[in-house]
Amino acid sequence: MRAAVGNSGDLLQQRVDALGELLGLSRSRVDADMLADAGTLLDRVAERRRLSLGHTVVALAGATGSGKSSLFNALTGLELAEVGVRRPTTASPLAYVWDAHGAEPLLDRLGIPHDSRFARRSLLDGVHTRLGMDSAGNDAMKGLVLLDLPDHDSAAFGHRHQVDRLLQLVDVVVWVVDPEKYADAVLHERYLRPMAGHADVTLVVLNQVDRLPAHAAEQVLDDLRGLLDEDGIAVGEHGEAGAVVLAASAVTGAGVAEVRAAIGQLVAEHGAANRRLAADVDRTAAELRPVYVGDRAEGLTEAACEVFADRLADAVGAAAVGQAAEQEWHTAAARACGVPWTRLLTRRRGSAAPGQGRCDEPLLAARPVVAQAVRDVADAAADGLPEPWARAVHEAALRGARDLPEALDEAAARAEEAELELPRWWSTAAAAQRALLALAVVGVLGVVAGALWGWVPLWVAEMVLGVGVLGGPVLAWLCRVGGRGAARRFGRGTEARLREAAAECGQALVLESMSAELLRYREVRERYGVVAGR
């Protein structure tokens with residue numbers, strides 16, 4: 001059993017350490033009010049584990065008239081409740097300690113007044129030899145700190161405040177109920193139901209069964225178990241884990257031995273404190289679940305990134321720029337390979353050099369398109385995330401988007417400045433066009449010379465003239481047809497470069513910022529898994 005307790009203590013420490021790391025990673029992303037209770041729990045765990053784990057703090061809690069003080073006296077063997085005759089008018093609980101060595105700091109933490117602390121000084125105190133010894137003569141209750149709390153339904157606010165405060169600090173709670181108030185809504189709704197996860201350190205004692213016939217007591221016990229089941233409290237029966245439900249009478253002593261044995265077993269295991277703290281961590285993990293666990297797996301999918309890049313390319317007009325580049329290639333080819341007099345006319349119209357002057361004004365990214373693209377990719381990345389982390393992803397995207405339009409403008413400007421490398425065959429075609437022009441001139445001179453002086457056969461001169469005149473347009477047409485593929489490749493290459501530049505801007509300024517937030521979320525999600533015991 002001790003090895004198992006040690007292992008549970010190590011596991012609890014791992015979960016507590018993970019909770020501390022979780023809070024550290026979350027403070028700038030999650031509202032402080034959501035983390036306040038978890039921070040308080042960390043302090044409470046550290047404080048309890050720093051104090052004596054050899055002592056087990058067991059509190060008797062109940063409503064007015066439930067008989068918990070009588071049960072307290074029956075368990076201690078002394079009329080200690082009579083010492084505090086002011087108890088109906090004070091908020092101070094009573095404490096009785098078996099083995100007071102090392103218990104003082106623990107009692108100080110519980111806030112028990114010194115005049116309300118009692119300790120067994122010898123085996124002759126009261127009837128300890130009857131109530132505190134097991135069959136082997138060992139003190140079965142050694143290490144027990146038994147508290148008698150004020151009434152949780154007291155009209156005095158101070159009493160209820162003390163009860164609520166101490167229920168957060170004790171290791172085990174023994175709820176003492178009576179046949180009349182065991183179904184009280186305040187008890188179940190305010191205390192039992194919220195602490196349903198603490199069933200392993202909870203006992204429920206139906207006191208005053210001497211007031212009921214035997215068959216009625218069993219019916220009340222069954223009804224009580226049913227109510228606990230409705231509260232979500234697992235009831236341990238036949239050695240199973242869960243809350244222990246017992247019947248007793250502090251007046252007649254019936255069932256008190258069973259109550260003492262159940263408490264003694266928890267004390268002997270020396271693990272109630274860790275089990276209580278582990279249950280507190282469980283409850284905190286359940287409360288924090290909406291903060292750390294989303295509806296689906298998170299992350300930036302390739303599809304979302306591709307859509308984002310396409311939207312940015314649309315914002316800078318990548319497709320239009322590519323088409324303009326393709327047309328420019330055709331224009332440059334016509335100048336280089338066209339009929340010489342056509343080139344002269346083009347030059348006189350002031351056409352720009354290849355790769356330059358595609359538009360009079362600098363190309364600017366469409367701001368509304370960029371903004372919508374950022375919102376859409378942020379929505380896709382944050383879809384299914386818990387609200388604080390979805391908000392952090394959106395904020396990261398918006399931070400990066402501040403400089404995105406200007407970066408896209410610069411990328412577009414660089415794409416426009418790209419120069420066209422003239423194909424070698426353009427110069428060959430240009431030389432052929434010059435040769436054909438010269439041939440046309442020779443043909444004209446031949447026709448004139450043949451017609452006036454007969455120096456050259458007229459048909460020869462006409463043939464030379466026809467080749468020179470018709471060859472230029474035919475060659476220009478062939479160059480235009482043959483260059484369509486190259487023009488298309490140039491246009492697509494220009495578009496691809498602009499798309500790549502736009503995607504790089506989006507990646508550097510927006511996607512990487514969101515990825516950093518998603519990475520942090522995955523890290524805290526892993527830490528939360530440890531806290532939740534998964």
Side-chain angles (χ1 to χ4, degrees), residues 300-338 342-343 345-380 397-398 400-423 426 476-477 479-512:
L300 279 170
T301 63
E302 290 187 10
C305 293
E306 290 175 0
V307 170
F308 179 58
D310 289 341
R311 297 290 296 279
L312 295 184
D314 293 341
V316 296
V321 170
Q323 292 174 358
E326 181 178 348
Q327 184 57 45
E328 185 182 25
W329 196 98
H330 283 300
T331 302
R335 285 197 305 269
C337 308
T342 303
R343 295 204 304 274
L345 291 175
T346 303
R347 230 178 250 142
R348 294 186 67 179
R349 290 182 188 140
S351 296
Q356 299 177 347
R358 290 172 189 165
C359 59
D360 295 333
E361 297 295 333
L363 184 62
L364 299 179
R367 267 53 177 176
V369 177
V370 174
Q372 187 61 50
V374 172
R375 286 194 294 269
D376 289 346
V377 75
D379 289 343
L398 293 178
R402 293 171 187 168
D403 299 327
L404 182 57
E406 290 75 13
L408 291 173
D409 294 343
E410 295 176 2
R414 288 193 299 270
E416 282 196 307
E417 293 171 357
E419 294 187 2
L420 171 63
E421 183 178 351
L422 302 180
W426 282 9
W477 178 80
C479 290
R480 186 167 60 253
V481 173
R484 287 177 181 172
R488 191 176 299 111
R489 287 192 296 273
F490 176 68
R492 289 178 178 175
T494 302
E495 179 182 352
R497 286 193 298 273
L498 185 50
R499 285 183 176 275
E500 183 179 357
E504 289 176 353
C505 292
Q507 175 70 32
L509 295 176
V510 177
L511 298 185
E512 288 184 2

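Position 1 is the first residue of the sequence, and the numbers go up from there.
In this view, Asp403 satisfies the salt bridge (charged side-chain N to carboxylate O under 4.0 Å, His left out) rule with no residue, not counting sequence neighbours. The side-chain contact (heavy atoms from CB on, under 4.5 Å) test applied to Glu410 returns Arg414, not counting sequence neighbours. For the side-chain contact (heavy atoms from CB on, under 4.5 Å) test, residues two or more places apart in sequence or in another chain that qualify with Ala304 are Thr301, Ala380. Taking the side-chain contact (heavy atoms from CB on, under 4.5 Å) definition, one finds that Ala366 meets it with Val369, sequence neighbours left out.
Looking at heavy atoms from C-beta onward, Leu511 lies in side-chain contact with Cys305 at the 4.5 angstrom threshold. For the pair Val307/Glu302, no side-chain contact is recorded, criterion being any heavy-atom separation below 4.5 Å from C-beta on. Side-chain contact between Val510 and Phe308 is present, with at least one heavy-atom pair separated by less than 4.5 Å. Between Arg499 and Asp310, the closest side-chain pair of non-hydrogen atoms falls below 4.5 Å.
Closest heavy-atom contact between Cys505 and Ala407: SG-O, 3.7 Å. Closest heavy-atom contact between Val321 and Thr494: CG1-CG2, 3.8 Å.
The line from CD of Glu406 to CG of Asp409 is 6.5 Å long, rounded to the nearest 0.5 Å.
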Check: residues 370-379 side-chain donor-acceptor pairs under 3.5 Å, at least two apart:
residue, atom, partner, partner atom, Å
Gln372, OE1, Arg375, NH2, 2.7
Gln372, NE2, Asp376, OD1, 2.8
Asp376, OD2, Arg311, NH1, 3.0
Asp379, OD1, His394, NE2, 2.6

* Show your reasoning for whether side chain to side chain contact (heavy atoms under 4.5 Å, CB included) applies to Leu408 and Leu312. => CA-CA 8 Å; Leu408 291 173; Leu312 295 184; 4.0 Å; yes
* To do: Please lay out, stage by stage, how Glu495 and Leu498 fare under the test side chain to side chain contact (heavy atoms under 4.5 Å, CB included).
  => CA-CA 5 Å; Glu495 179 182 352; Leu498 185 50; 5.8 Å; no
